[in-house]
Protein chains: 2
Amino acid sequence: MAGNTSVPGATVVSRSLALLFAFDDAHRRLTLSELARRAGLPLPTAHRLVGELVAGGALVRRAGGEYVVARRLWQVGLLAPVETGLREIAAPFMNDLHATTRATVHLAVREGTEVLYLERLSGRASVPVVSTVGSRLPLHATGVGKVLLAHAPAEVTTDALARLARVTPYTITRPGRLREQLERIRRDGYATTVEEMTLGACSVAVPVTAGERVVAALGIVVPSLKRDRGRLVAALQVAARGIGRSFAG
Amino acid sequence: MAGNTSVPGATVVSRSLALLFAFDDAHRRLTLSELARRAGLPLPTAHRLVGELVAGGALVRRAGGEYVVARRLWQVGLLAPVETGLREIAAPFMNDLHATTRATVHLAVREGTEVLYLERLSGRASVPVVSTVGSRLPLHATGVGKVLLAHAPAEVTTDALARLARVTPYTITRPGRLREQLERIRRDGYATTVEEMTLGACSVAVPVTAGERVVAALGIVVPSLKRDRGRLVAALQVAARGIGRSFAG
DNA sequence: ACGCGCCTTTCACTGAGTGGAAGGACTCTA
DNA sequence: TAGAGTCCTTCCACTCAGTGAAAGGCGCGT
């Protein structure tokens, strides 16, 4: 290299990937300088690399100078084996659940100390839902997250409890309180949230169990839990049992 | 560069992308030499670049030495704006269609002279279906494809008719015959295929029209069309009209 | 034993990649 | 109207990251 200060171990490839991975659910459109900042690259370098990524069909430059992920990368990304079997099996059960509850239905797995959303069926738009397929959220503030956390190895729990970020005024941030809840979730077989991630949204979630292992969490988002919590839990458990059985067999 | 013969205009970025784009629906797992061959790179070069792509989290090396697209790239790919509005609007209509027909339901758009599948709901597994979300197929051999071709600009039609690849013994390969069919499709408002893409699979498809423009095609795949073609066409048209209306408004 | 696929490592060469510096376009605030 | 703040773009001298032929290792079939 020439110029000056260059981060050691920074190859062209790793830099290009840093640029691609600068996009996330909250940043689907980025300007050049945002890209450079988020990827930790000098502006002229980012300028050239982004130009090549556009030429190569990985990014698209939109009117206004904003960059977005290109359709071609969408196609390649869809080839990744992301719990393919589980998702395929879960689809019809999720459809049923969606039909009977008319709520937003989620299928998610744990990835480190975050929930990774695998699948989503949108419900009535009146309930605000932040998660999208492929997005990650903290474990402690969502229904599916708490289920997954309740069934995670001890070191994950310790790790997650160490930093309970506040999202809304109702997010659980006291480790003791959450630990208590996780206990209850294991005992009752389901988790609930009340405006812990999004104001105006409540959720119920249950584990999907294949054999002994918790392989995923199934959840729904509703405006309120006051009325039919029991019915929702029952519907979820039926679906989760169906998925688990099909998945194990 | 050093070594020897290097393709001009081949930067590290473009080569890395060539490696990523070497994956497609028929090649979800590739060995190093396959990757090198498909990307047009010397083996040692591919070896190093692939290593960096793995280190960067874009690819994963599986036991057995095969590479697959990594979860991280899946996440980024999902951020691409691929007819997002259309897909969201179409989802509930597709669900209804799926429930009433129990068939595989497709939503697709045209990309050049190919169909690009945007969304799919799997039906009974007994009917073989080759398309997956994100995959592309030739326009002339699928139901959704023929619909899109029937409503495509003249130059696209000319282009597509020039090379009608045979897929099965029933694929239409005579331009005159296809042109005739396209005429009929425009007149009747729907297209059918009988084992033209996959043996044992038939399909029906209709255009999704917003205002005057055909923005997509909606189709289903069934084992046979002998019995209830009329019912299927009607169900498809209801759904397509619903999508089109919601999309335009 | 030999050949033929795979994958991996080495290494001398050099041009592709680098990024500070400079400049242009545009929008604010003074 | 000047000045300071964004943003993006281009230039260009320096040099090290990238290159790929060659060679070597491993496994398998014959």
Side-chain angles (χ1 to χ4, degrees), chain A residues 1-24 26-70 81, chain B residues 1-24 26-70 81:
Chain A
M1 183 178 320
N4 196 346
T5 335
S6 142
V7 180
T11 63
V12 176
V13 173
S14 71
R15 288 166 172 216
S16 310
L17 291 178
L19 285 167
L20 293 183
F21 294 150
F23 292 89
D24 67 26
H27 303 86
R28 289 164 178 256
R29 307 159 149 237
L30 293 170
T31 64
L32 180 60
S33 6
E34 285 169 335
L35 272 164
R37 217 174 297 139
R38 291 173 67 85
L41 296 177
L43 211 100
T45 304
H47 181 253
R48 184 169 27 82
L49 291 180
V50 167
E52 290 179 22
L53 288 170
V54 170
L59 298 181
V60 171
R61 174 166 195 176
R62 291 201 157 177
E66 280 178 326
Y67 294 90
V68 293
V69 176
Chain B
M1 185 177 321
N4 196 347
T5 335
S6 139
V7 181
T11 64
V12 177
V13 174
S14 71
R15 287 165 172 215
S16 311
L17 292 178
L19 285 167
L20 294 183
F21 295 149
F23 292 89
D24 66 27
H27 303 86
R28 290 166 177 255
R29 308 158 148 238
L30 293 171
T31 65
L32 181 60
S33 6
E34 284 169 335
L35 271 164
R37 216 173 299 137
R38 291 173 66 84
L41 295 177
L43 209 97
T45 302
H47 181 254
R48 183 170 28 82
L49 291 180
V50 167
E52 289 179 22
L53 288 170
V54 170
L59 297 181
V60 171
R61 173 167 195 174
R62 291 204 156 174
E66 281 179 327
Y67 294 90
V68 294
V69 176

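What you are looking at is a predicted structure, and each value in this text was computed from that prediction instead of being measured. Because only heavy atoms are used, hydrogens play no part in the values below, and waters and symmetry mates are left out as well, while side chains stay in. Proteins come first, then strands; the chains are lettered A, B, ... in the order of their sequence lines, and each starts at number 1.
In this entry the distance linking CZ of A:Arg48 with P of D:dC12 reads 16 Å, nearest Å. Following rounding to the nearest Å, A:Leu41 (CG) and D:dT9 (C1') show an atom-to-atom distance of 17 Å. In this entry the distance linking CD of B:Glu34 with P of C:dG5 reads 14 Å, nearest Å. Between the P atom of C:dG23 and the NE2 atom of A:His47 lies a distance of 18 Å, rounded to the nearest Å.
A donor-acceptor pair is defined here as one N or O able to donate and one able to accept, closer than 3.5 Å; such a pair exists between the side chain of B:Ser16 and the backbone of B:Val12.
If you take CG on A:Leu20 and CG on B:Leu17, they are separated by 7.0 Å, rounding to the nearest 0.5 Å.
Picking from C:dT18, C:dC6, D:dA21 the nucleotide with the shortest atom distance to the side chain of A:Arg15 gives C:dT18. Across D:dT19, D:dA22, D:dT9, the shortest atom-to-atom separation from the side chain of B:Pro44 is found for D:dA22. Listed candidates were C:dC6, D:dG18, C:dC7. Nearest to the side chain of A:Thr11 is D:dG18. Side-chain proximity of A:Tyr67 to C:dC6, C:dC7, D:dT9: nearest is D:dT9. The A:Glu52 side chain lies nearest to C:dG17 when the options are D:dA22, C:dG17, D:dT9.
When heavy atoms are screened at a 4.0 angstrom cut-off, A:Leu43 is found touching base atoms of the nucleic acid.
Within the 4.5 Å cutoff, side-chain heavy atoms of B:Arg15 are placed close to those of B:Leu41.
For B:Arg37 and C:dC6, the shortest distance from a side-chain N or O to OP1 or OP2 is below 4.0 Å. Here A:Thr45 does not reach the OP1 or OP2 of C:dT18: none of its side-chain N or O atoms lies under 4.0 Å away.
Projected onto DNA chain D by closest heavy-atom contact, A:Leu32 and A:Val12 fall at different nucleotides, the more 5' of which corresponds to A:Leu32.
With no hydrogens or angles considered, no side-chain donor-acceptor pair links A:Glu66 and A:Thr31 at under 3.5 Å.
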